[in-house]
Structures are given as C-alpha cells and as structure tokens.
Protein chains: 2
Amino acid sequence: MSDHTILLKQSNLKATFQRINILENVEIHGHISIDEIYKQIIKTHPSLSLATVYKNIILMVEKGLLIEVPIAGEKSKYELKKENHIHLICTKCTKVEDKPHTKEIDELFKDMSQVESFELSKQQINLYGVCAKCR
Amino acid sequence: MSDHTILLKQSNLKATFQRINILENVEIHGHISIDEIYKQIIKTHPSLSLATVYKNIILMVEKGLLIEVPIAGEKSKYELKKENHIHLICTKCTKVEDKPHTKEIDELFKDMSQVESFELSKQQINLYGVCAKCR
DNA sequence: ATCCTTGCAAATGATTTGCAAGAGT
DNA sequence: ACTCTTGCAAATCATTTGCAAGGAT
C-alpha cells in the first residue's frame, strides 16, 4: 500500500486513482496549480474531469493533506503538508523552490504572535525575485 | 493637490475621482479586496463600474503604487506600497494587520537569497491565525 | 451491498475586453 | 483639442453544483 494510499485512508478518503494521481503530481512537482495537475493526469488518464480535481483539492486542503500557496499575480499552487519553510518564487519562470525555515525565524514569529495575543496557526513566507537559472 | 493626486501624476495616470477614491479606500482600510473597494465607492458614486476598478487595480499594481497581497482561502487584498512588514491574518474575521519587519529578518532573507544567487525583489510574510479580538 | 466518488453538463461567479461617450490636462 | 479614462454589455475564463452511473471497501 503506497504512502499516498495511507495518507488518504487516514483522512477517511477512499484511495481512488484520481486522488492518488493528484498526490503523486503534487509530490513530484513540489508546487503545482490545479490546471497543471489536470493537464498532467489526463496524459495517462484522459477521462479525468477537471471538476474532480477541483473537488479533491478542496477536500484535501480541508483535511490538511495539501496546503494552498497563494502567489501574487498567479494562480495558487499546492504543496504537500510539511515542515515550515520559505518559498523562493521566480517571477520569470514561476518556479517555486523551498528553503528550510531557520529556528531563529520560527522563534521571531512565535514571539511576535505572543506579544500580539495572536493565536498563530500557519506561517507563509514568499520571497519573489529571479532565480539563478533565469538571470 | 492631494497626496494621491501626486502619486497618480508621478505614475503618468490622470487623477480621476475613481482612481483617487480607490487609493483613499486602500489607505483607509489598509488591506482591501477589489469588490470591497467597489462596494465602498458606489456608496457615494453609484455610477462607478466594477470593470473600472479592475482596470485601475491592474494599472496601479503595474506602476507599483499598489501591492497585491494574496491570501490562502480568500481573494487577494491590496495595500499601498510601503516598507517591508509582516501580515497577521485572522482566519476568523479575515482582517489583516501589519507588524514592522525587523532588521534581522531582512538580513536573514537577503543573506539567504545571496547564497542561492536569487535576485530578491519582494518579500511577503503572512502569519495566519486568530486575532486577539476573535479569540 | 453500501456509500462515496466520478464525469458530465449546466450554473454560477470572477475577470477581461471592445467601443462609444465623457473627463482630465 | 487631444488623449486617456470611463461605463456598459458582451465575452471569456474559473470554479461550483446536481445528478445518474461507476468504483472502493
């Protein structure tokens, strides 16, 4: 039983090939938009419906399997839930790269939230610029 | 001549009342979505068209007067261009509050970009949670 | 066998466009 | 006067919904 199948079962979602394919694509690409996922999957499963992708992304975000990464000037991308990290977003090729989130940054944000009596639940750090390849 | 009029002229945009109203609303609210801007302005200028708001937001973002703040699970909001800062986003009431961006954070991100040969142009830090009022 | 999930097509909602009339400089 | 901007309506694009048929457990 694959990792993705287990993830789905743990969230009370049946392990359909549509769902497994969505998770696989997110894993492979790291960060991917809904219509990119659709375009990828129909290569091998042409009967897939775009509506199915939408419905499942919404479900998986609700269940916490996926995280929405909203990006200025683009459509949101989705990633697997994972440790806090920083997004380097290239404004030329639109690729997103992850960088580890240092302990200091984590502490800073937690302290800042504490001071504001803000009940912190999620951190999203986006750095926009031009990546090494595109320069 | 108002601040907003000057800002517009500096960007080679004619100072129409529609544009001045958009900038005023963004300033007053701090962070506001396109349809909220529209709803605000038609209270006093019912003839305003939503398409005009869209066209102008796009123009003002291109000119750098406004910054798009994309938010997970919501429509983007817009803010006036200003110093780097952190967004505390309340997932209950959807209000966005600004916190100053410390020198350390700035340095950390600049250093990280340097290491990656990433040409950093914009930083966006969103902390999601529940604000003091909503708790 | 049961209940959940899918694909389709239609409905809704958001954003963009073209163009004649109107406003800013 | 000249050019840019507006409002409108239509067009396009994105997302959601309802429902009968199919698939997972």
Side-chain angles (χ1 to χ4, degrees), chain A residues 1-2 4-25 32-63 65-66 68-78 94, chain B residues 1-2 4-25 32-63 65-66 68-78 94:
Chain A
M1 192 153 61
S2 82
H4 296 142
T5 303
I6 295 168
L7 273 178
L8 289 167
K9 300 232 163 135
Q10 286 172 347
S11 301
N12 289 309
L13 296 175
K14 288 187 177 168
T16 64
F17 83 79
Q18 291 88 339
R19 285 173 180 163
I20 292 168
N21 271 274
I22 290 171
L23 288 173
E24 277 178 359
N25 267 280
I32 186 168
S33 68
I34 289 179
D35 52 289
E36 284 163 352
I37 292 172
Y38 174 68
K39 282 179 196 151
Q40 287 298 320
I41 302 179
I42 54 169
K43 286 181 186 169
T44 49
H45 295 99
S47 64
L48 175 71
S49 159
L50 181 54
T52 298
V53 182
Y54 272 101
K55 285 172 190 166
N56 281 309
I57 296 289
I58 291 167
L59 265 178
M60 292 179 187
V61 169
E62 275 172 15
K63 300 283 188 179
L65 295 183
L66 295 183
E68 179 189 352
V69 181
I71 299 177
E74 295 177 41
K75 290 211 257 172
S76 286
K77 297 191 174 182
Y78 295 83
T94 78
Chain B
M1 192 151 63
S2 82
H4 296 142
T5 304
I6 295 169
L7 273 178
L8 288 167
K9 299 231 163 135
Q10 286 172 346
S11 300
N12 289 311
L13 297 176
K14 289 187 178 171
T16 64
F17 84 80
Q18 292 88 337
R19 284 172 181 165
I20 292 169
N21 270 274
I22 290 171
L23 289 173
E24 278 178 357
N25 267 278
I32 186 168
S33 69
I34 290 180
D35 51 290
E36 284 163 352
I37 292 172
Y38 174 68
K39 283 178 195 153
Q40 287 297 321
I41 303 180
I42 53 170
K43 286 181 187 170
T44 49
H45 294 99
S47 65
L48 175 71
S49 159
L50 181 55
T52 298
V53 182
Y54 272 101
K55 284 173 190 166
N56 280 309
I57 296 288
I58 291 167
L59 263 178
M60 291 179 187
V61 168
E62 275 173 16
K63 300 283 188 178
L65 296 182
L66 295 183
E68 180 188 354
V69 182
I71 299 176
E74 295 177 42
K75 290 211 256 173
S76 286
K77 298 191 175 183
Y78 294 83
T94 77

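Only a predicted model underlies this, so the values are computations on that prediction, with no experimental measurement involved. Numbered from 1 within each chain, the chains take letters A, B, ... in sequence-line order.
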Original post:
Which whole-number value in Å describes the distance from A:Lys63 NZ to C:dC4 C1'?
Top reply: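 It is 12 Å, rounded to the nearest whole Å.
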
Original post:
Out of C:dG24, C:dT16, C:dA9, which nucleotide sits closest to the side chain of B:Lys14?
Top reply: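 Selected nucleotide (nearest to the side chain): C:dG24.
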
**OP:** Could you check which of C:dT6, C:dA14, D:dG7 has an atom nearest any side-chain atom of A:Thr16?
**Re:** C:dT6

Subject >> Taking every non-hydrogen atom, the tightest pair across B:Pro70 and B:Glu68 >> reply: CD-O, 3.4 Å

**OP:** Taking the side chain as every heavy atom from C-beta outward, state whether A:Arg19 and A:Lys14 have any atom pair closer than 4.5 Å.
**Re:**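 Of all side-chain heavy-atom pairs linking A:Lys14 with A:Arg19, at least one is under 4.5 Å.
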
**OP:** Would you kindly compare A:Leu13 and A:Pro46 by the position of their nearest DNA chain C nucleotide and give the one closer to the 5′ end?
**Re:** A:Leu13

**OP:** Please state how far atom CD in A:Gln18 lies from atom P in C:dT6, giving the value in whole angstrom units.
**Re:**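 About 5 Å, once rounded to whole Å.
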
Original post:
Between atom CD1 in B:Ile58 and atom C1' in D:dC13, what is the gap in whole Å?
Top reply: 13 Å

**OP:** Classify the nucleic acid contact of B:Asn56 as base, sugar-phosphate or nothing, counting any heavy atom under 4.0 Å across all strands shown.
**Re:** sugar-phosphate

**OP:** Evaluate the side-chain proximity of A:Gln18 to A:Ile41: yes if any heavy-atom separation is below 4.5 Å, no if none is.
**Re:**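 No, side chains not in contact.
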
**OP:** Using only side-chain N and O atoms of B:Thr52, determine if any of them is under 4.0 Å from OP1 or OP2 of D:dG7.
**Re:** yes

Original post:
Is any side-chain heavy atom of B:Leu23 less than 4.5 Å from a side-chain heavy atom of B:Leu8?
Top reply: yes

Original post:
Any idea which of C:dT5, C:dG7, D:dT5 is nearest the A:Arg19 side chain?
Top reply: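 Among the listed nucleotides, the one closest to the side chain of A:Arg19 is C:dT5.
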
Subject >> Distance in angstrom units between B:His45 NE2 and C:dA23 P, rounded >> reply: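 Checked: the NE2 to P distance equals 12 Å.
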
Original post:
Any donor and acceptor pair, going by atom type alone, linking the side chain of A:Ser11 with main-chain N or O of A:Leu13 inside 3.5 Å?
Top reply: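 Answer holds: no.
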
Subject >> Position toward the 5' end of DNA chain C (nearest nucleotide), B:Ala15 or B:Ile34 >> reply: B:Ile34

**OP:** Can you tell me the distance, in whole Å, between the CG atom of A:Asp35 and the C1' atom of D:dT12?
**Re:**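 Whole-Å distance recorded here is 15 Å.
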
Subject >> Value in whole Å for how far the C1' atom of C:dT12 lies from CG of A:Leu50 >> reply: 15 Å

Subject >> Rounded distance (Å) that lies between atom P of C:dA14 and atom CD of B:Glu36 >> reply: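 Nearest whole value for this atom pair: 12 Å.
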
Original post:
Taking for each residue the nucleotide of DNA chain D with the nearest heavy atom, is it B:Asn12 or B:Ala51 whose nucleotide lies nearer the 5' end?
Top reply: B:Asn12

Original post:
Does a nitrogen or oxygen in the side chain of A:Lys9 sit under 4.0 Å from OP1 or OP2 of D:dA24?
Top reply: no

Subject >> Closest listed nucleotide, where the reference is the side chain of A:Lys55 and the choices are C:dT25, D:dA24, C:dC8 >> reply: C:dC8

Subject >> Rounded interatomic separation in angstrom, taking CD1 from B:Ile22 and C1' from D:dT6 >> reply: 11 Å

